[in-house]
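A short write-up of the structure that comes next.
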Amino acid sequence: MSVDGEVRRLRSEADEPGWEVDPDDEWGVAVVATVGRQLRLRREAVGMRAAEFGEVVGYGEDMVYKIESGKRIPRPEFLDKADEVLGAGGLLSAMKEDVAKVRYPKKVRDLALMEARAVELQLYDPLNIHGLLQTPEYARALFQMRRPAYAQEEVERGVAARMARKAVFERDPAPEFSFVQDEWTLRRRLGGRMVLRQQLERLLEVGQLRNVEIQVMPMDREEHAGVDGGIEVLKFEDGTAVGRSPGVCNGRPVSELKQLRILELRYGIIRAQALTPRESAAFIEQLLGET
């Protein structure tokens, strides 16, 4: 397309990798289909052809059709522009929040929903700083180290999804959190020295919350109940719970009492073997001074 004598390149699928809809994500498919249907109805109501509309918003005709048919996830800025061009009065822009959630992997959304319901969370991570405690920079460094390498678009998608889970800290009433981190996860300079410093500062900040306890498992411990891998136990208000660990049922979520008892037994021993929350805070401050 030519605008004021200049050639304007319209966006195609090649420009937006990673914005396809997961066909196995029923909720996501429904959301994107609804948005696409509203977009098409608005476009037709103002008498614009798909090609004409695409030229205005900077998208190729094929991309417009794919978004309208629910095969592509629209970008937030696309919805804002479409809302303006079609005079939707904020209707299309208002759909950005749900559309943004569709971009998060389904398993991440499911986990966030469980975390949002939990009244108590027991979390041990032997590999990295736990996702709920990560800074955006630390999370980005982790995603950038994945192999095969993620496209930058996928990296940012993962970071956004992980940061969105932090809303659980803002709940009222607040749930009770217990974190245990192996010492070596606090020493690895993933992403560089400044990234680690910011991460340690974040741990100290979160650890000051009344409903949060962060404990460190020192490397010099001669006994460690966490050798079978990480542990997550989420307890709900109705007395039910769900947990998972690589050492129980191959990491699949479990809710049976027998498996939950195993996870809680292991987690309780890990907490007893780790530094107390106060000792852990002092230890993290010491690491921060060394970093």
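Treat the numbers as computed from the prediction; the structure is a model and nothing was measured.
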If I take atom CD1 from residue Ile129 and atom CG from residue Leu200, how far apart are they, to the nearest 0.5 angstrom? 7.0 Å

Enter the distance from Met194:CE to Glu201:CD here, rounded to the nearest 0.5 Å. 7.0 Å

Same apolar cluster (I L V M F W Y, side chains within < 4.5 Å links), Val159/Val102: no

Write out all pairs satisfying ring pair (Phe, Tyr, Trp, His ring centres under 6.0 Å) with one or both partners inside residues 207-265, taking only residues at least two apart or from two chains. Tyr124-His224

Does a side-chain heavy-atom distance below 4.5 Å link Pro74 with Val35? yes

Is atom CD of Glu223 surrounded by more than 12 heavy atoms (other residues, nucleotides or ligands) closer than 6.0 Å? no

NZ/NE/NH1/NH2 to OD/OE distance under 4.0 Å, Arg40 and Glu44: yes

What's the separation between atom CG in Asp110 and atom CD in Glu115, rounded to the nearest 0.5 Å? 11.0 Å

For atom CZ of Arg188, decide whether the heavy atoms of other residues, nucleotides or ligands shown that lie under 6.0 angstrom number more than 12. yes

Answer yes if the side chains of Ser93 and Asp80 hold a donor-acceptor pair under 3.5 Å, and no otherwise. yes

Between Arg72 and Met63 (side chain of the first, backbone of the second, donor and acceptor by atom type, cut-off under 3.5 Å), is there such a pair? no

Using the ring pair (Phe, Tyr, Trp, His ring centres under 6.0 Å) rule, collect all pairs that involve residues 258-291, keeping only residues at least two apart or in two chains. none

Where Ser255 and Leu260 come nearest, the two heavy atoms and their spacing: O-CD1, 3.4 Å

If we only count heavy atoms from C-beta on, is the Leu86 to Leu92 side-chain gap below 4.5 Å? yes

Check whether Met114 and Leu263 end up in the same hydrophobic cluster, where Ile, Leu, Val, Met, Phe, Trp and Tyr are linked by side-chain heavy atoms less than 4.5 Å apart. no

So, do Lys166 and Leu133 sit near enough that their side-chain heavy atoms are less than 4.5 Å apart? no

Starting from the C-alpha separation in whole Å, work towards a yes-or-no answer on side chain to side chain contact (heavy atoms under 4.5 Å, CB included) for Asp98 and Trp27. CA-CA 10 Å; Asp98 281 342; Trp27 180 83; 4.2 Å; yes

Please report the interatomic distance CD1(Ile214) to CZ(Arg278), rounded to the nearest 0.5 Å. 15.0 Å

If only atom types and distance count, is the side chain of Glu55 paired as donor or acceptor with the main-chain N or O of Ala50 below 3.5 Å? no

Smallest separation among heavy atoms of Arg42 and Gly87, with atom names: NH1-O, 4.3 Å

Can Glu154 and Gln152 be counted as having a side-chain donor-acceptor contact under 3.5 angstrom? no

Glu61/Arg49 under salt bridge (Lys or Arg N to Asp or Glu O under 4.0 Å): CA gap, chis, key distance, verdict: CA-CA 9 Å; Glu61 181 179 5; Arg49 294 178 294 106; over 6 Å; no

Nearest heavy-atom approach of Ala281 to Leu204 is O-CD2, 3.6 Å

What verdict does the salt bridge (Lys or Arg N to Asp or Glu O under 4.0 Å) test give for Arg140 and Glu156, after you've listed the backbone C-alpha separation in whole Å, the side-chain angles of each residue and the deciding distance to 0.1 Å? CA-CA 7 Å; Arg140 185 172 293 108; Glu156 296 307 320; 2.9 Å; yes

Taking Glu264 first and then Lys235, would you say they form a salt bridge - that is, a charged N and a carboxylate O separated by under 4.0 Å? yes

ILVMFWY network linking Val233 to Val212, side-chain heavy atoms under 4.5 angstrom: no

Residue pair Leu121, Glu176: steps toward the side chain to side chain contact (heavy atoms under 4.5 Å, CB included) verdict: CA-CA 6 Å; Leu121 298 90; Glu176 295 295 322; over 6 Å; no

Is it true that, when you exclude Glu97 itself, more than 12 heavy atoms of the residues, nucleotides or ligands shown sit nearer than 6.0 Å to its CD? no

Sub-3.5 Å donor-acceptor pair from the side chain of Asn211 to the main-chain atoms of Ala174, do we have one? no

Side chains of Arg244 and Leu111, heavy atoms from C-beta outward: is any pair under 4.5 Å? yes

Pairwise side-chain contact, Glu232 with His130, heavy-atom cut-off 4.5 Å (strictly under): yes

Not counting sequence neighbours, which residues clear side chain to side chain contact (heavy atoms under 4.5 Å, CB included) with Glu279? List them please. Leu275, Thr276

List the atom of Ala141, the atom of Gly191, and the distance in Å for their closest heavy-atom pair. CB-CA, 3.7 Å

Indicate, with yes or no, if Leu209 and Leu123 share a hydrophobic cluster defined by side-chain heavy-atom contacts under 4.5 Å among Ile, Leu, Val, Met, Phe, Trp and Tyr. yes

Output yes when a side-chain donor or acceptor of Asp83 lies under 3.5 Å from a complementary backbone atom of Gly90, and no otherwise. yes

Test item: Gln181 side-chain N/O and Leu186 main-chain N/O as donor-acceptor pair under 3.5 Å: no

Can you check side chain to side chain contact (heavy atoms under 4.5 Å, CB included) on Leu127 and Thr185, steps first, answer last? CA-CA 6 Å; Leu127 299 178; Thr185 67; 5.7 Å; no

Backbone of Leu288 reached by a side-chain donor or acceptor of Arg197 within 3.5 Å: yes

With a 4.5 Å cut-off on side-chain heavy-atom distances among I, L, V, M, F, W and Y, is there a chain of contacts connecting Leu91 to Leu41? no

Please determine whether salt bridge (Lys or Arg N to Asp or Glu O under 4.0 Å) holds for the pair Arg75 and Glu77, giving the CA-CA distance in whole Å, both sets of side-chain angles, and the decisive distance to 0.1 Å. CA-CA 5 Å; Arg75 286 177 173 270; Glu77 57 269 26; 3.5 Å; yes

Just how far is it from atom OG1 of Thr291 to atom CZ of Arg187, taken to the nearest 0.5 Å? 8.0 Å

Using only atom types and a distance under 3.5 Å, with no angle test, would you say the side chain of Thr34 pairs donor to acceptor with the backbone of Ala30? yes

Test your reading of the model: is there a side-chain donor-acceptor pair from Asp125 to the backbone of Asn128, 3.5 Å cut-off? yes

Does Trp184 use its side chain to pair, donor to acceptor, with the backbone of Pro126 at less than 3.5 Å? yes

Validation row: Leu203, Gln199 side chains within 4.5 angstrom (heavy atoms): yes

One should read off an interatomic distance between Glu120 CD and Phe177 CZ, to the nearest 0.5 angstrom, of 11.0 Å

Compare all side-chain heavy atoms of Glu183 with those of Asp220 and state whether any distance is below 4.5 angstrom. no

Which atom of Val64 lies closest to which atom of Gly54, heavy atoms considered: CG2-CA, 3.7 Å

For a side chain to side chain contact (heavy atoms under 4.5 Å, CB included) check, start with the C-alpha distance between Leu132 and Val168, then their side-chain angles and the critical distance, and finish with the verdict. CA-CA 9 Å; Leu132 288 176; Val168 70; 4.0 Å; yes

Is the backbone of Ala225 close enough, under 3.5 Å, to the side chain of Gln273 for a donor and an acceptor to pair up by distance? yes

So Ile269 and Leu265, do their side chains get closer than 4.5 Å, heavy atoms only? yes

Determine, for Glu213 against Arg271, whether the closest basic-nitrogen to carboxylate-oxygen distance falls under 4.0 angstrom. yes

Taking Glu68 as the fixed residue, which of Arg43, Gln38, Arg37 is the one that meets the side chain to side chain donor-acceptor pair (under 3.5 Å) rule? Arg43

Consider side-chain contact (heavy atoms from CB on, under 4.5 Å). Of Glu285, Met217, Gln215, which one does Ser280 pass it with? Gln215

